[in-house]
Amino acid sequence: MLTIAVVGGGAAGLMAAGMAARGGARVLLFEKNQKVGRKLFITGKGRCNVCNDCDAQTVLANVPCNPRFLYSALDAFSPADVKAFFVQEGVPLMTERGNRVFPVSDKAADIIDALYRFVRREGVKLVQEEVCEIATQDARVSGVRTARSFYGADRVIVATGGASYPATGSTGDGYRFAKALGHTVSPARPSLVPLVEAGALCREMMGLSLKNVSVTVFEDNKKVYEDFGEMLFTHFGVSGPLILSASAHMRHFGSKAYRLEIDLKPALDRKTLDKRLLSDFEKHKNSDFINALGELLPRKMIPVVVQASGIDPHAKVNSITKEQRRRLLDTLKAFQVGISGARPISEAIITSGGVSVREISPKTMGSKKVDGLFFAGEVLDVDAYTGGFNLQIAWSTGYLAGVSAAQG
């Protein structure tokens with residue numbers, strides 16, 4: 001019987017371990033945390049966006065980095081297969097806006113519990129030790145070393161995650177293992193991460209959350225992304241679901257210039273919004289301009305919008321010209337925030353970069369450099385946009401690595 005060591009008890013590692021055991025192997029799952037699936041607990045704000053209810057082509061369209069590498073993995077374990085797996089494991093699912101799939105309970109813990117039951121039922125042995133090294137002999141894996149012992153293994157699957165959220169155990173161990181075994185590793189960069197403003201407008205609105213706004217990302221004045229949702233102003237810039245999604249399209253800080261344009265009133269076209277302004281101005285025609293926007297904007301945002309419009313805050317409303325009103329409309333429909341960079345990788349939801357997929361077989365997830373070595377999940381140089389696509393990568397590559405390693 002083959003012995004397979006799986007390093008990392010996250011989404012990809014749990015799937016790989018269970019599938020390898022189902023394939024007839026003796027499986028040791030190494031997890032340095034006290035519990036498996038710690039990062040899953042915080043995905044989707046604790047709800048766990050399990051996958052996206054779409055076809056494989058849609059998944060690939062949402063993978064900006066090395067999508068073709070995933071063809072075989074998605075063919076082996078598609079979004080439909082993911083949904084069927086968790087329903088069979090006793091987790092009812094529901095589909096929300098953007099085809100995002102969540103457990104009906106809204107609890108990530110239910111996904112983790114299902115995976116834990118799955119690996120235990122398949123006979124996986126959980127080893128709560130930190131792997132320090134992957135051992136090889138004659139260019140073939142021979143086992144793993146921990147601080148306590150050496151564990152012999154015929155195959156090793158590395159599913160250690162990236163370098164985001166290090167408190168969950170994703171501390172870049174897999175990159176170190178890969179480099180030590182001769183693999184090329186692209187530098188890890190933050191993706192799905194809060195953004196730092198090039199200026200100080202956001203600081204003035206710190207703590208203000210906006211719902212139902214539209215954000216457009218410009219790269220060197222070219223529109224590269226647009227979406228609708230919720231965002232948050234912070235002391236350093238912007239955050240929130242809408243911003244995390246936008247950040248995945250901003251990959252060239254240092255060589256490209258980025259800015260956001262926020263449509264504060266996306267439900268109103270310019271003509272309708274202008275009528276609204278005229279109505280509000282009529283109500284407050286004898287007031288200072290800065291005191292006439294209370295029904296239109298959150299209190300914290302009014303001074304910033306007034307400043308951006310270039311209109312004297314103490315000008316009487318009845319003196320506002322048509323040209324000034326046009327500038328205010330421009331500000332409301334395209335409030336601009338320059339972006340200087342991203343927050344540190346420790347604050348990112350996922351990592352972009354990782355083990356070069358050119359050195360991995362897409363049909364097995366096996367290493368082309370070391371026999372018996374496999375990789376799965378975020379440790380690979382493949383990442384996606386938000387919407388359940390990154391977990392889909394974890395499930396699919398974990399599934400294929402587990403099945404392939406057991407077949408040997």
Side-chain angles (χ1 to χ4, degrees), residues 2-25 27-30 51 56 59-60 63 65-79 81-82 85 115 119 122 124 131 134 136 139-141 144 153-162 170 173-175 177-186 350-351 353-384 389-408:
L2 286 174
T3 296
I4 298 175
V6 178
V7 187
L14 286 163
M15 184 61 72
M19 289 302 168
R22 181 175 285 182
V27 179
L28 306 176
L29 175 59
F30 291 83
C51 65
V59 176
L60 294 172
V63 179
C65 184
N66 300 316
R68 293 179 63 186
F69 174 76
L70 296 172
Y71 273 105
S72 294
L74 287 167
D75 186 55
F77 204 59
S78 68
D81 295 326
V82 172
F85 172 84
L115 288 165
V119 297
E122 296 296 340
V124 174
V131 172
I134 296 172
T136 60
R140 182 175 187 83
V141 298
V144 299
D154 302 292
R155 313 276 188 271
V156 174
I157 301 173
V158 177
T160 50
S170 297
D173 295 344
Y175 305 147
F177 297 150
K179 285 180 180 178
L181 295 171
H183 275 278
T184 304
V185 178
S186 300
I350 63 161
T351 304
V355 180
S356 172
V357 297
R358 294 181 179 180
E359 299 166 1
I360 309 295
S361 167
K363 295 185 181 300
T364 64
M365 298 295 125
S367 167
K368 295 178 180 178
K369 290 180 170 286
V370 181
D371 286 345
L373 179 64
F374 296 78
F375 293 91
E378 196 180 339
V379 70
L380 292 163
D381 188 12
V382 185
D383 63 279
F389 302 109
N390 285 292
L391 269 182
Q392 180 66 52
I393 293 172
W395 307 133
S396 294
T397 57
Y399 176 95
L400 186 53
V403 169
S404 301
Q407 290 175 346

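Only heavy atoms go into these numbers, but all of them, side chains included; no hydrogens, no water, no symmetry mates.
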> Can you confirm whether V131 sits close enough to F177 that some side-chain heavy atom of one is under 4.5 Å from a side-chain heavy atom of the other?
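Yes; the side chains approach each other to less than 4.5 Å.
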
> Does the side chain of T160 come under 3.5 Å of the side chain of D173 through a donor N or O and an acceptor N or O?
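No, because no side-chain N or O of T160 sits under 3.5 Å from a partner of the opposite role on D173.
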
> Test R155 against L2 for side chain to side chain contact (heavy atoms under 4.5 Å, CB included), laying out the working first.
CA-CA 8 Å; R155 313 276 188 271; L2 286 174; 4.0 Å; yes

> Of all heavy-atom pairs between G13 and L29, which one has the smallest distance, and what is that distance?
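Closest approach of G13 to L29, heavy atoms only: O-CD1, 4.1 Å.
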
> Can you list the residues that meet the side chain to side chain contact (heavy atoms under 4.5 Å, CB included) rule with A153, with sequence neighbours excluded?
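With sequence neighbours excluded, A153 shows a side chain to side chain contact (heavy atoms under 4.5 Å, CB included) to T3, A5, V156, given in chain and number order.
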
> Are any side-chain N or O atoms of S78 and backbone N or O atoms of D81, one a donor and one an acceptor, separated by less than 3.5 Å?
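Yes.
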
> Quick check: does any side chain N or O of E378 sit under 3.5 Å from a backbone N or O of T351, one acting as donor and the other as acceptor?
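Answer holds: yes.
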
> Looking at every non-hydrogen atom in both residues, tell me the closest pair between P79 and C51 and how far apart they are.
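Minimum heavy-atom contact is O-SG, 4.1 Å.
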
> Working to the nearest 0.5 angstrom, can you tell me the gap between F85 CZ and F77 CZ?
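Atom-to-atom, F85:CZ and F77:CZ are 6.0 Å apart.
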
> Can L115 and W395 be said to form a side chain to side chain contact (heavy atoms under 4.5 Å, CB included), step by step?
CA-CA 11 Å; L115 288 165; W395 307 133; 3.7 Å; yes

> Yes or no on side chain to side chain contact (heavy atoms under 4.5 Å, CB included) for L60 and Y71, after CA distance, side-chain angles and deciding distance?
CA-CA 8 Å; L60 294 172; Y71 273 105; 3.4 Å; yes

> Output the distance between atom OG1 (T364) and atom CD (Q407), rounded to the nearest 0.5 Å.
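That separation rounds to 9.5 Å.
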
> Taking all heavy atoms of V124 and all of A17, pick out the closest pair and write down the distance.
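Shortest heavy-atom separation between V124 and A17 comes out as CG2-O, 3.5 Å.
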
> Can you tell me how far CG of L70 sits from OG1 of T397, rounded to the nearest 0.5 angstrom?
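Interatomic distance, T397 OG1 to L70 CG, rounded to 0.5 Å: 7.5 Å.
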
> Just checking, any donor-acceptor pair under 3.5 angstrom between side chains of D75 and S72?
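Judged by distance alone, the side chains do not pair up.
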
> Closest approach of V119 and L14, non-hydrogen atoms and distance?
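Closest approach of V119 to L14: CG1-O, 3.3 Å.
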
> What distance separates R140 CZ from D154 CG, expressed to the nearest 0.5 Å?
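Going from the CZ atom of R140 to the CG atom of D154 covers 7.0 Å.
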
> Compare every heavy atom of A20 with every heavy atom of A406, then report the nearest pair and how far apart it is.
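Scanning both residues completely, I find the closest heavy atoms to be CB-O, 3.5 Å.
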
> Is it the case that over 12 heavy atoms from other parts of the model lie below 6.0 angstrom from the NZ atom of K179?
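It does not: K179 NZ has 12 such atoms or fewer within range.
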
> Should V357 and R68 count as side-chain neighbours, where that means a heavy-atom distance under 4.5 Å?
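When only atoms from C-beta onward are counted, R68 and V357 do not touch, as no gap falls below 4.5 Å.
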
> Determine the interplanar angle of the H183 and F375 rings, folded into 0 to 90°, and report it as parallel if under 30°, tilted if 30 to 60°, perpendicular if over 60°.
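Judged by the thresholds at 30° and 60°, the geometry between H183 and F375 is perpendicular.
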
> Taking all non-hydrogen atoms of both residues, which atom of M365 and which atom of P362 are closest, and how far apart?
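The answer is CE-O, 3.5 Å.
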
> Is it the case that the side chain of N66 and the backbone of D381 share a donor-acceptor pair, with hydrogens and angles ignored and the cut-off at 3.5 Å?
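Such a contact is found between N66 side chain and D381 backbone.
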
> Rounded to the nearest 0.5 Å, how far apart are CZ of R358 and CZ of F69?
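Between atom CZ of R358 and atom CZ of F69 there are 12.5 Å.
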
> Quick one: CD1 on I360 to CG on L373, what's the gap to the nearest 0.5 Å?
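Interatomic distance, I360 CD1 to L373 CG, rounded to 0.5 Å: 7.0 Å.
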
